[in-house]
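Accompanying notes for the structure given below.
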Amino acid sequence: MSLYTEKNAFNFPSGMSRKKAKSTSGVFEEADKFRRATYFRTITVAVLGDSGVGKSSIIRHIVGEAFIHEHIPTVEEFYVKQITYRNKTCEIHIIDTSGTYEFPPMRRIAIQKSDAAILVYSLDKLGSFSKLEKFMDEIESCCADSNRRIPVIIVSNKTDLPNLSEPTFVNTNGERVSACDHLEDKWKCQWLPASARFNLNMDVILPKLLDKLSPEKTLERSPSHIWKRRFRSFSDKS
């Protein structure tokens, strides 16, 4: 039995012509081209938010795990999810950061590793909305250090809970606006209503981030006012 080494790599087996070996090499080249054509990229996403807003529940839905009703504090968890995006395979690395324990250096490292971020707040914790400012400041600070910007999606979780509504704001024109309009105007971030418990909009979070990361022309998708209309319809049924 002979071992394959770099030295004998081009000693063709008996009976195999150079022409046949060349055609075999072409097969591997074609397979490599196909792999590159069908594989998109590996993307790291940091998920940030206050304790108990449902970050881990959202991630579990995204990666296909079961919803857990009990709140289990997270230090930091790492998940991997493969999805098909525009007929290409994309591997998503998701960092679930801690909201219970204050570890700014760990959050900073997570943001520095990330290509995109998801900020989460919940309607049953008013303080979680105001803390978005802190997390966004950290994202902007980390990105400024490396002279880059990353796309951010803001998720309003637990929209299934009754008798709760989104906060409203007064803009510079003195008009009362929704949280969606306020956040999109302030940080140019997309806003999504969601419910990890009832799987509302869990399947659109990653594709929308990939839309922002893809250098290709983004396919036309529903604008924010459509999501707001769907959200109101969902709330009416609750």
Approximate separation, where rounding is to 0.5 Å, of [X] [atom1] and [Y] [atom2]:
X      : Y      : atom1 : atom2 : answer
Glu184 : Ser178 : CD    : OG    : 8.0 Å
Phe129 : Asp50  : CZ    : CG    : 13.0 Å
Arg197 : Met202 : CZ    : CE    : 13.5 Å
Leu183 : Ile154 : CG    : CD1   : 4.5 Å

Would you name the heavy atoms of Asn199 and His61 that are closest together and state the gap between them?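 Smallest interatomic distance, heavy atoms only, reads OD1-ND1, 3.4 Å.
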Which heavy atom of Arg176 sits nearest a heavy atom of Thr168, and at what distance?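 In this case the closest contact between Arg176 and Thr168 is NH1-OG1, 2.9 Å.
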With a 4.5 Å cut-off on side-chain heavy-atom distances among I, L, V, M, F, W and Y, is there a chain of contacts connecting [X] to [Y]?
X      : Y      : result
Leu126 : Leu164 : no
Tyr79  : Ile205 : yes
Ile150 : Leu132 : yes
Ile92  : Ile62  : yes
Ile95  : Leu209 : no

For [Y], is there any backbone N or O sitting under 3.5 Å from a side-chain donor or acceptor partner on [X]?
X      : Y      : value
Ser128 : Ser122 : yes
Ser195 : Phe198 : yes
Lys158 : Tyr121 : no

[X] side chain near [Y] side chain, heavy-atom distance below 4.5 Å:
X      : Y      : answer
Leu213 : Ile43  : yes
Asn87  : Tyr85  : no
Ser156 : Glu166 : yes
Ile118 : Ile58  : no
Val120 : Asn157 : yes
Val80  : Glu91  : yes
Arg149 : Cys143 : no
Ser141 : Arg108 : yes

Ser214 pairs by side chain to side chain donor-acceptor pair (under 3.5 Å) with which of Arg86, Lys88, Arg41?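 So, applying the side chain to side chain donor-acceptor pair (under 3.5 Å) to Ser214 and each of Arg86, Lys88, Arg41, only Arg86 qualifies.
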Let me see the working for Thr97 and Arg107 under side chain to side chain donor-acceptor pair (under 3.5 Å), right down to the final yes or no. CA-CA 7 Å; Thr97 63; Arg107 276 203 307 270; over 6 Å; no
Are the charged groups of Lys186 and Glu133 less than 4.0 angstrom apart, N to O?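 Between Glu133 and Lys186 there is a salt bridge, with a charged N closer than 4.0 Å to a carboxylate O.
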Taking 4.0 angstrom as the limit, do Arg148 and Asp115 come out as a salt bridge?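 Asp115 and Arg148: not salt-bridged.
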As a test of understanding, state which of Phe169, Trp191, Trp187 forms a ring pair (Phe, Tyr, Trp, His ring centres under 6.0 Å) with His182.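 It is Phe169, the one option of Phe169, Trp191, Trp187 that forms the ring pair (Phe, Tyr, Trp, His ring centres under 6.0 Å) with His182.
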